[in-house]
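Quick notes on the structure that follows.
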Protein chains: 2
Amino acid sequence: METITIKDIAKALNLSTSTVSRALRNSYEINPETKRLVMEYAEKMNYRPNPIALSLKDSKSRAIGVIIPEIANYFFSQLINGIESIAYNLGYHVVIFQSHESFERELANTHYLVSRKVDGLLVSLSSLTTDINHFEELMEKGMPIVFFDRVPQTDNTHKIIADNFEGSYKATAHLIETGKRRIAHITSPRYLSITSERLGGYRKALEDHGIVYDESYVKYCHHGGMVTSENEEAVQQLLDMPEPPDAIFAASDRLTTGCMAVLVKNKIRIPQEIGMIGFTNIAVAQLFNPPLSAVVQPALDMGQQATELLIQLIENPKRVSGFETRCLQTRLDIRQSTTGEIKEEI
Amino acid sequence: METITIKDIAKALNLSTSTVSRALRNSYEINPETKRLVMEYAEKMNYRPNPIALSLKDSKSRAIGVIIPEIANYFFSQLINGIESIAYNLGYHVVIFQSHESFERELANTHYLVSRKVDGLLVSLSSLTTDINHFEELMEKGMPIVFFDRVPQTDNTHKIIADNFEGSYKATAHLIETGKRRIAHITSPRYLSITSERLGGYRKALEDHGIVYDESYVKYCHHGGMVTSENEEAVQQLLDMPEPPDAIFAASDRLTTGCMAVLVKNKIRIPQEIGMIGFTNIAVAQLFNPPLSAVVQPALDMGQQATELLIQLIENPKRVSGFETRCLQTRLDIRQSTTGEIKEEI
């Protein structure tokens with residue numbers, strides 16, 4: 001069994017052992033870039049702090065609870081890898097729960113995690129969560145919680161989000177630049193933060209390019225695409241319109257692949273008949289036919305930053321002077337599903 | 001908040017409330033088909049037993065720990081959905097941990113789960129696990145453990161596997177039927193159960209069709225494809241052979257998509273130059289270019305059956321007269337990556 005020590009890390013990165021040690025303890029004295037460097041190297045080399053020594057030091061359970069809608073989703077699974085890369089190196093276990101987009105399960109998961117005395121929670125709300133009393137009560141009792149991606153309106157804690165407005169703006173503007181005019185938007189339930197942020201960017205891009213916003217081109221999927229029929233119905237309704245869309249911008253991993261599957265099934269030529277772009281972190285987008293254009297979120301980074309903020313709240317609650325909402329940049333990956341440079345049928 | 005009762009379930013399925021109640025308690029008096037029907041309906045309708053009432057009844061923690069190599073993998077994430085569909089309806093929480101294909105992490109996860117007093121474990125071994133003393137010791141102390149997919153040699157507990165031999169046999173025979181002769185096999189580390197089972201089916205199919213088994217066409221990926229470079233090297237070595245393969249059969253989710261990505265990057269025509277089939281549960285295989293042929297494992301069913309067996313061990317340890325290894329059938333999905341009916345370039 002290979003083991004690596006703080007000394008090894010210091011040598012490899014040309015840092016002092018004390019810097020590495022403080023970086024691994026997430027000390028505020030070390031700058032974030034150095035911390036990231038140390039953490040990533042430690043992660044890569046499978047460095048593991050001694051949990052027994054750590055648990056002797058304090059009365060914490062040294063576990064973080066994570067509640068996400070689902071794990072069979074590239075965005076969330078990359079995000080979890082970000083969470084684990086930081087948590088594990090700081091000596092925290094990560095306990096993962098799925099809400100399956102159900103408010104009741106989110107509630108049950110929360111109660112369970114609290115009963116098991118986790119030190120803090122990282123949460124992305126289910127698509128059916130409209131009431132966050134269960135989290136508000138816990139925060140009032142002093143439980144550190146950091147929200148990411150689908151965040152509530154509360155100002156009582158840190159939040160990490162992608163710049164959904166800008167990502168959507170770029171995707172929509174790109175579709176317009178490829179000559180599309182009737183751009184549909186398939187998205188999550190109306191009351192989710194990501195829905196309104198993404199809808200806002202879509203709408204602004206249309207308006208800035210002189211295209212009138214038409215609500216009939218916007219479809220909300222109550223279960224965020226987890227129920228296949230819902231996704232299929234939304235696309236079918238669009239195809240059945242007197243003036244069907246000439247492009248579709250889908251707002252999440254599930255909605256994007258689901259929507260593309262319906263277009264393929266209907267033998268619709270992408271992008272000639274309908275251009276297609278999605279908000280997705282799917283790792284195999286370039287293997288699709290045609291390769292899929294996508295707004296990619298910095299999932300790993302979101303997970304890492306959320307975890308850093310949570311562990312600060314857990315370990316140095318007195319150092320926290322105010323709460324922040326960090327908004328990270330998205331990336332636009334342009335491929336043939338919008339540009340049209342695809343193989344033609346004979 | 002909608003709530004559903006046992007009475008509602010009984011009415012919908014035309015069963016007695018006592019049958020439903022016993023099915024939800026996983027009673028041995030109810031036949032497995034009826035149980036499955038009740039569980040799936042309860043799952044669909046979000047039925048939730050009252051956990052407070054349940055925990056008053058016994059001293060169990062009512063939590064099951066799951067240790068899998070990684071969640072960013074369709075096979076494992078479908079399997080987890082199977083686990084949760086049964087566990088949740090029987091009033092158990094499911095605590096998910098990733099080993100990231102690391103023996104050390106698997107060990108750390110196991111220690112943590114035991115320290116948190118879970119009632120039992122569901123485990124698929126990491127690709128670097130050659131020693132299972134940590135599990136043997138726990139089983140000796142009476143901790144119920146059920147293994148699935150990557151299982152150890154031990155006879156001390158239940159195991160659920162897919163029929164890997166038969167799945168591989170079918171995939172290889174199918175490639176031979178499409179006219180391929182130099183069939184490469186990219187697989188996981190040598191000592192994993194799934195590796196030898198899949199290699200066995202591949203080898204037998206070659207021999208039954210009069211093709212000599214050639215070890216130079218078999219590549220083992222130590223990290224099961226989690227390290228991209230490893231996968232790329234394996235494919236590159238095959239392409240650089242004096243007689244490169246005319247087909248590749250990849251043995252897991254990661255290896256399959258990774259292998260296909262290398263072929264696409266090298267502009268290799270699939271299947272004309274190299275036919276491609278994988279062992280994968282990826283949900284978007286039909287969106288690939290070309291659509292990907294695949295051996296699909298009954299992941300949901302594997303998760304459900306493993307959980308049923310584990311909960312039997314937890315709740316009725318005295319009823320267990322012996323341990324079984326259940327071997328479930330795979331399915332062969334034939335698509336254009338092997339049959340060649342693809343769009344041609346102009």
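Every chain is numbered from 1 and lettered A, B, ... according to where its sequence line falls, protein lines coming before strand lines.
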Residue pairs, two or more places apart or on separate chains, that pass salt bridge (Lys or Arg N to Asp or Glu O under 4.0 Å) and touch residues 122-133 of chain B: none
Using non-hydrogen atoms and a 4.5 Å limit, figure out which bit of His100(B) sits close to chain A: side chain, backbone, both or neither. side chain
Among Leu113(A), Asn109(A), Leu128(A), Ile80(A), who wins on heavy-atom pairs under 4.5 Å with chain B? Ile80(A)
Between Leu287(A), Val95(A), Leu292(A), Ile96(A), which residue shows the highest count of heavy-atom pairs closer than 4.5 Å to chain B? Leu287(A)
So how far is it from Ser77(B) OG to Tyr74(A) OH, rounded to the nearest 0.5 Å? 8.5 Å
Between CD of Gln286(A) and CG of Asn289(B), what distance do you get to the nearest 0.5 Å? 11.5 Å
Go through the steps for Tyr112(A) and Arg62(B) under the test side-chain contact (heavy atoms from CB on, under 4.5 Å), then give the verdict. CA-CA 10 Å; Tyr112(A) 176 76; Arg62(B) 301 208 74 90; over 6 Å; no
Side chain, backbone, both or neither: which part of Lys265(A) has a non-hydrogen atom closer than 4.5 Å to chain B? neither
In terms of relative ring orientation, are Phe97(B) and His93(A) parallel, tilted or perpendicular, with 30° and 60° separating the classes? perpendicular
Can you check whether anything in residues 250-264 of chain B gets within less than 4.5 Å of chain A, heavy-atom wise, and list it by number? Thr257(B), Met260(B), Ala261(B), Val264(B)
Chain A contact via Ala283(B) - which portion, at a heavy-atom distance below 4.5 Å: neither
I would like to know whether Gln98(A) and Val94(B) meet side-chain contact (heavy atoms from CB on, under 4.5 Å); could you show each step before the answer? CA-CA 9 Å; Gln98(A) 304 186 76; Val94(B) 176; over 6 Å; no
